[in-house]
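Here the structure comes first, spelled out in structure tokens, and everything after it is commentary.
Quick caveat, the model's predicted, so the values are computed rather than measured.
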Amino acid sequence: MSHSIPRNIPRKASGLLGISDHHSQRQGGQFETAQNGIRNNSSSSDVWHTARVLSVCTMSGIVFGVALEKGRVFEPTVIRDQMIFGKFIMMKMFLSAMSSGMFSLSILAMLPATEKKFREARLSFSQSFFNKGVLSSILGAAILGIGMTLSGACPGMVLVQVGAGSKNSVFTFTGALAGAAIYGVVEPVMVWLTKPGKPLAVSTLDKHLGSPFFVVGLPLAAVISTLIFALELLVPWKTELQIPNSPDAMWFTAHSWPPYVAGGLVGLLQIPIVLAVSDTLGGSSSYCTLVSQPLFVRPLQRLSPYLTKFRMGVGNWWQVFYVGGAVLGGYLSASSSGSWGSVEGVSPTASFLGGALMIFGARLAAGCTSGHGISGLGLLHFMSFVAVPAMFAGGIGTACVMKVLGTF
């Protein structure tokens with residue numbers, strides 16, 4: 001999910017990366033302006049600062065792509081098998097990313113030098129639920145889960161599949177763009193149907209308990225790590241690999257990494273993202289930015305004011321650079337092990353339909369697998385505690401139905 005842009009991003013820059021003289025803040029997937037004292041010039045130092053920020057996002061995306069490819073969680077069969085509890089690679093990686101992300105965010109919240117960045121990132125996440133409530137979180141996340149099982153992907157993972165040459169992943173990506181476009185058109189209706197009567201009085205667990213964030217976050221991260229350890233003892237990761245690692249493979253040329261190592265690496269990416277853009281990990285907003293580009297004249301913009309607000313600004317485009325890096329990371333990782341193009345996908349129809357449902361659901365829920373599962377739970381946000389179970393319920397229910405119908 002895409003949140004607020006960094007406070008020191010320059011006011012003016014060329015092309016689509018230019019931003020207004022206000023701070024773009026996300027509310028319900030949309031952006032509204034708020035004064036933030038951004039400098040009123042377009043000096044070369046500002047341009048270089050923007051370039052550095054986007055470079056950090058791109059490099060983080062590359063690491064994300066490598067981790068998902070090496071962890072094997074990008075394989076469609078791994079995602080589908082998790083939904084019927086046939087394999088636990090996805091669960092181990094998901095819990096590991098959640099745990100290390102929660103740990104990383106706790107450290108950022110503790111240190112005086114980074115505490116302000118943490119607060120900005122957390123505020124940005126909370127603002128994404130403007131006009132959103134429990135109903136939109138449950139319904140949207142359930143639709144997201146249905147799409148995940150159909151396509152064997154999630155919003156961020158499909159870009160890794162494209163980079164790694166997974167078969168039919170292009171259909172999933174195309175479906176995801178279609179899902180973003182459809183949601184952009186019907187967004188006013190969905191808000192009208194699901195808008196809550198009043199917002200949550202307290203939105204996070206630590207505030208509910210009256211404790212500092214890290215006092216709650218660090219013990220929870222330790223508990224989750226214990227669960228991962230127990231799960232690994234019960235189901236060792238090497239027993240779930242379709243292709244074992246070559247004995248003489250180096251760490252980067254290896255076909256697979258332990259899922260808890262790959263997941264832990266993903267969670268640690270919260271640190272550079274929070275410090276660079278005062279935001280947290282997510283991927284679904286990037287599709288809105290991409291499909292909004294044709295809306296460059298006012299008559300077209302009236303088709304979807306929601307999508308129009310994603311067109312410009314580093315606050316929107318950083319996530320495009322991040323997922324673009326994920327494509328490259330998936331490619332580099334798969335190529336290094338000689339496995340590029342070897343992963344089977346699902347059918348083109350299931351890929352496209354699943355991709356469309358994924359992004360439609362993610363935008364309705366104001367978050368995707370990374371946005372709610374890693375960032376939202378990592379930030380102890382109540383909406384994510386609602387959305388993640390709904391997401392898995394949708395995915396598991398779809399898998400059971402497909403199993404009965406013989407289409408799994």
Side-chain angles (χ1 to χ4, degrees), residues 1-4 26 60 63-64 67-68 71 73 90-111 114-115 117-129 137 141 144 154-157 200 202-209 211-228 259-260 262-285 319 322 362 365-392:
M1 32 196 321
S2 173
H3 309 304
S4 57
R26 236 183 105 220
S60 298
V63 174
F64 177 78
L68 263 62
V73 73
M90 178 183 175
M91 184 61 69
K92 292 176 188 176
M93 191 158 178
F94 181 78
L95 291 175
S96 299
M98 187 196 311
S99 177
S100 65
M102 196 176 291
F103 174 81
S104 300
L105 292 168
S106 296
I107 298 301
L108 292 172
M110 291 174 60
L111 298 177
T114 57
E115 190 266 341
K117 285 284 189 180
F118 168 79
R119 284 191 289 107
E120 290 174 348
R122 200 180 199 194
L123 175 62
S124 180
F125 185 89
S126 295
Q127 287 173 336
S128 65
F129 295 99
S137 294
L144 165 62
C154 69
M157 202 175 298
L200 290 176
V202 179
S203 60
T204 59
L205 179 60
D206 56 300
K207 291 182 180 179
H208 176 73
L209 297 174
S211 301
F213 173 81
F214 58 86
V215 172
V216 181
L218 288 176
L220 272 180
V223 170
I224 296 170
S225 297
T226 303
L227 292 175
I228 299 165
Y260 46 84
L265 186 59
V266 170
L268 291 175
L269 292 176
Q270 295 284 19
I271 295 175
I273 294 300
V274 169
L275 296 180
V277 292
S278 299
D279 207 338
T280 48
L281 295 178
S284 64
S285 293
Q319 219 178 88
Y322 175 76
C368 61
T369 319
S370 296
H372 274 304
I374 301 175
S375 296
L377 292 180
L379 290 168
L380 308 178
H381 202 285
F382 283 140
M383 286 299 184
S384 295
F385 282 102
V386 170
V388 172
M391 177 184 70
F392 278 103

Mind listing the closest non-hydrogen atom pair of [X] and [Y] along with its distance?
X	Y	value
L268	S100	N-OG, 3.7 Å
G371	F125	O-CE1, 3.3 Å
V388	G373	CG2-CA, 3.7 Å
T204	L379	CG2-O, 4.0 Å
S104	G267	OG-O, 3.8 Å
S137	A365	O-CB, 3.9 Å

If I take atom [atom1] from residue [X] and atom [atom2] from residue [Y], how far apart are they, to the nearest 0.5 angstrom?
X	Y	atom1	atom2	result
D206	H381	CG	NE2	10.5 Å
S370	Q319	OG	CD	9.0 Å
I107	I271	CD1	CD1	8.0 Å
S375	L105	OG	CG	7.0 Å
S384	I374	OG	CD1	11.0 Å
M98	L377	CE	CG	4.5 Å

Flag, side chain of [X] to backbone of [Y], donor-acceptor distance under 3.5 Å:
X	Y	result
S99	L95	no
Q270	L281	yes
S124	E120	no
S126	R122	yes

Side chain to side chain, [X] and [Y], heavy atoms closer than 4.5 Å:
X	Y	result
K117	L108	no
I273	T280	no
L218	M110	yes
L269	L265	no
L220	L380	yes
L68	M93	yes

Sorted by chain and number, sequence neighbours left out, side-chain contact (heavy atoms from CB on, under 4.5 Å) with P389 holds for none
For F392, the ring-ring contact (aromatic ring centres under 6.0 Å, His included) test, sequence neighbours excluded, returns F94
Kindly assign one of parallel, tilted or perpendicular to the pair F118 and F213, based on the angle between their ring planes and the thresholds 30° and 60°.
tilted
Can you classify the ring geometry of F129 versus H372 as parallel (below 30°), tilted (30 to 60°) or perpendicular (above 60°)?
tilted
